[in-house]
Amino acid sequence: MAREIASVGVIGLGTMGAGIAEVLARSGVPVVAVEIDDEGVKRGRGHLEHSTERALSGGKLDQASRVELLDRVRYTTSLSDLSDVDLVIEAIPESFDAKADLFIQLDKITGPDTIFVSNTSSLSITEIGVHTSRPGKVVGMHFFNPAPVLKLVEIVRSVVTEPDVVADVVAFAEKLGKTPVVIGDRAGFIANALLFGYLNHAVRMYEQRYATREDLDAAMRFGCGYPMGPLALLDLIGLDTAYEILDTMYHQSRNRLHAPAPLLKQMITAGLLGRKSGRGFYSYDGVDSPNVVTDAETPSSTVDSSAVRPVHKVGVVGTGTMATGIVEVFAKRGFDVILRARSADKAAASVARVKKSLDKAVVKGKLSEEDAAAALSRITPAVEFEELADVDLVIEAVAEDLAIKQAVFAALDDVVKPGAILATTTSSLPVIECAAATARPSDVVGLHFFNPAPVMKLVEIVSTISTAPDVLATARALCGSLGKHPVRCGDRAGFIVNALLFPYLNDAVKMLEAHYAQAEDIDTAMKVGCGLPMGPFELLDVVGLDVSLAIQRTLFDEFHEEGFAPAPLLEHLVTAGRLGRKTGKGFKDYTAK
């Protein structure tokens, strides 16, 4: 039978502790709120009153409910006032010694059945629990800030936490209107373990000048639908907070990918903490302001038109989804397009797919019938490479196989006019290897469109060590004329998006493989806790596990980073033919739907 949690103690009334007290009181739970001194109590009471006042003015709480909520919270500076509570939540600063000492004291004050909860975001629940006489009744309950708003709560079980305690705390979290997920006691739990490795990776990219801060952030917003880019998110979190979480995770996991990027420490030392200090990766118009202002690193938004080559006619090589999507993008924007296929039948079928897509846009009211007809009239099917002789730009969008791509580039080199730009839309292969198949490597660039090309705004412009500056300028101007958002990066595996996205997905698979959490809980944590549009396993199943494995192998082969080694579970699922939605089974089973 589930235990009744009728009263709760909250220790520490900072932003998080006061938020937790509000959540409890809002749900009808009497709270004993403890601070170290009267000044702390006054500050905590102020947090609660200010938060509920905002809820009142926003129409989310009426006056009578606010009074009842505030009356449910009793403030004290004495731990002994917690002697009769059913559950205690500590929300004091992230110091292991302080938390362990607090639980030692609570062990002597509370009844033997009282559950001890730590709101730690990264410290070991097991290590905290062994300092008590009841490690089986010690559990983590990691709320996310601001606690009254964010739904996710990570329930952290140690190897000795009693199953009924976990079940009771999960039920209690649901009673509070939260979305609980259960995780084993590992560094960073679910959300931080997956999120901060990704954020740290982005800092290293910026530190190495691989891409600008604006391009890194835009790539993840436009390429993955993330609500914020990694560097902007770090500024919001606070670089000092991020450093502490990463450092704690690294000392537990010994995973080099968790070792804080040196730049983080340098920025913290210089007082560049993010929004809280008015400057971090970006500059803001004041302390705690979200408004970014121009600084010395802000790139120019103009393109030197004198450095741009004229592009009127475009060739696209390929007949797959990506190729036909790119053809549609250019045709709708007024470019004449030659679609080259291996046979007349394939070319005709590809043009038919473009027409079908245009017709859908008409039905949805996104395109007029006249504009759709005009776009279709600009597309010319072709079979011979010679028919691309006078194009100004040709984009290769064939199979992701280097030998095939090199053969295409060699053929193009023989027939396409001098000064034309040769582009590949590869997502992971080296662009320089394609350029090496030609006698004009300075004219070769990567233009990585995202699928579906007519919808996705992002294009990664990939420059090799040979790409000419005017080719880059032309690529950037061209993306603007297509209504796309270009980001520039160097020619290395994964470019920006895949290099940041797939190690994060791989880490999620490793977490599942180690039985620290269920796939459903991991997906929920990343969607609810981090605001991502899809959880990692949902996304892997959509992308295709075979495609994901190929990209992860490419990253590992290039960087030789141990943490990038594909998770064995991913390898096994691909070997078993469970490739995701396209086969009906991946991490999830879609056959019953």
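Just so you know, residue 1 is the first one in the sequence shown, and it goes up from there.
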Taking the basic N atoms (NZ, or NE/NH1/NH2) and the acidic carboxylate oxygens, is any pair closer than 4.0 Å for K588 and D541? no

Within-4.5 Å side-chain heavy-atom neighbours: L216 and I496: yes

For the student: nearest non-hydrogen atoms of I190 and E154, plus distance: N-OE2, 3.1 Å

The test is side-chain contact (heavy atoms from CB on, under 4.5 Å); show your working for I183 and D521 and say whether it passes. CA-CA 8 Å; I183 176 73; D521 281 347; over 6 Å; no

Taking every heavy atom of K99 against every heavy atom of S118, the minimum-distance pair comes out as CD-OG, 4.1 Å

Using a 6.0 Å distance limit plus a 45 degree cone around the ring axis, check whether R186 lies over the aromatic ring of Y516. yes

Side chain of H131, backbone of E127: donor and acceptor closer than 3.5 Å? yes

Could you verify whether a donor N or O on one side chain and an acceptor N or O on the other, from D107 and S133, lie under 3.5 Å apart? yes

Any donor-acceptor pair under 3.5 Å linking the side-chain atoms of S80 with those of S83? no

Could you tell me whether the side chain of F189 reaches within less than 4.5 Å of the side chain of V181, counting heavy atoms only? no

Are side-chain heavy atoms of R43 and L13 found at a separation under 4.5 Å? no

Would you mind reporting whether V165 and K137 have side-chain heavy atoms less than 4.5 Å apart? yes

Using 0.5 Å steps for rounding, measure from the CG atom of D240 to the CG atom of L272. 11.5 Å

Any donor and acceptor pair, going by atom type alone, linking the side chain of T554 with main-chain N or O of A550 inside 3.5 Å? yes

Reported CD-to-CG distance for the pair E244 and L264, which is rounded to 0.5 angstrom: 11.5 Å

Give me the atom names and distance for the closest heavy-atom approach of E49 to T52. O-OG1, 3.1 Å

Would R204 pass as a cation-pi partner of Y206, given that its NZ or CZ must be under 6.0 Å from the six-membered ring centre and within 45 degrees of the axis? no

Contact between E94 and T248 at the side-chain level, heavy atoms closer than 4.5 Å - yes or no? no

Under 3.5 Å donor-acceptor, D86 side chain and S7 backbone: yes

Given E53 and R66, is the side-chain contact (heavy atoms from CB on, under 4.5 Å) satisfied, shown in steps? CA-CA 8 Å; E53 180 64 38; R66 179 175 184 255; 3.5 Å; yes

Restricting to non-hydrogen atoms, name the atom on I155 and the atom on P180 that form the minimum distance, rounded to 0.1 Å. CG1-CB, 4.0 Å

Separation between CG of L236 and CG of L231, rounded to the nearest 0.5 Å: 12.5 Å

So V88 and V34, side-chain contact (heavy atoms from CB on, under 4.5 Å) or not? Walk me through it. CA-CA 10 Å; V88 181; V34 185; over 6 Å; no

Check the side chains of D217 and Y282 for a donor-acceptor pair under 3.5 angstrom, ignoring hydrogens and angles. yes

Would T110 and R134 count as having a side-chain donor-acceptor pair, cut-off 3.5 Å? yes

Check whether any side-chain N or O of T161 sits under 3.5 Å from a backbone N or O of S158 as a donor-acceptor pair, and report yes or no. yes

What is the minimum heavy-atom distance between A25 and R72, and which atoms define it? O-NH1, 2.7 Å

Taking E90 for its side chain and I92 for its backbone only, find out whether a donor-acceptor pair lies under 3.5 Å. yes

Donor-acceptor under 3.5 Å (N506 side chain, A565 main chain): yes

Is the closest side-chain donor-acceptor distance between D185 and S124 under 3.5 Å? yes

Please check this pair: side chain of D546 against backbone of L579, looking for a donor-acceptor N/O pair closer than 3.5 Å. no

Enclosure of K582 NZ (heavy-atom neighbours >12, cutoff 6.0 Å): yes

Is there a side-chain contact between V8 and F172 in this structure, where contact means two heavy atoms from C-beta onward sitting under 4.5 Å apart? yes

Where do A508 and F537 come nearest, in terms of heavy atoms and distance? O-CZ, 3.3 Å

Anything under 30° is parallel, anything over 60° is perpendicular, the rest tilted; go ahead and classify F564 against H201. tilted

Is there a donor in the side chain of S95 and an acceptor in the side chain of D97, or the other way round, less than 3.5 Å apart? no

Is the number of heavy atoms from other residues, nucleotides or ligands under 6.0 Å of Q518 CD greater than 12? no

Under 3.5 Å, sequence neighbours excluded: what are the donor-acceptor pairs made by side chains of residues 527-534?
from : atom 1 : to   : atom 2 : distance (Å)
K527 : NZ     : E538 : OE1    : 3.3
K527 : NZ     : E538 : OE2    : 3.2

Check the side chains of D81 and S78 for a donor-acceptor pair under 3.5 angstrom, ignoring hydrogens and angles. no

Scan L79, V32, N119, I36 and name whichever one has a side chain to side chain contact (heavy atoms under 4.5 Å, CB included) with I11. L79

For the pair N498 (side chain) and S428 (backbone), establish whether a donor and an acceptor sit closer than 3.5 Å, ignoring hydrogens and angles. no

Approximate separation, where rounding is to 0.5 Å, of I125 CD1 and R157 CZ: 12.5 Å

Taking L257's backbone N and O only, do any of them form a donor-acceptor pair with N200's side chain (distance below 3.5 Å, no angle check)? yes

Salt-bridge contact R213-D235 (side-chain N to carboxylate O under 4.0 Å): no

Please assess L102 against F116 for the test side-chain contact (heavy atoms from CB on, under 4.5 Å), listing each intermediate value before the final yes or no. CA-CA 11 Å; L102 175 61; F116 289 175; over 6 Å; no

Ion pair K42/E35, N-O distance below 4.0 Å: no

Roughly how far, to the nearest 0.5 Å, is CG of D285 from OG of S283? 10.5 Å

If you define the side chain from C-beta out and look only at heavy atoms, does anything of P536 sit under 4.5 Å from M526? yes

Once side chain to side chain donor-acceptor pair (under 3.5 Å) is applied, do any residues pair with D84, and if so which ones, sequence neighbours excluded? none

Residue of the set R578, R553, K510 for which salt bridge (Lys or Arg N to Asp or Glu O under 4.0 Å) holds with E571: R553

Tell me whether S277 contacts the main-chain N or O of G271 through its side chain, where contact means a donor paired with an acceptor under 3.5 Å. yes

Plane angle bin for Y504 and Y198 - parallel if under 30°, tilted between 30 and 60°, otherwise perpendicular: tilted

At what distance, to the nearest 0.5 angstrom, does CG of L545 lie from NZ of K585? 14.0 Å

Is there side-chain contact between V117 and L87, with heavy atoms separated by less than 4.5 Å? yes

Would the number of heavy atoms belonging to other residues, nucleotides or ligands and lying under 6.0 Å from CD of E562 be above 12? no

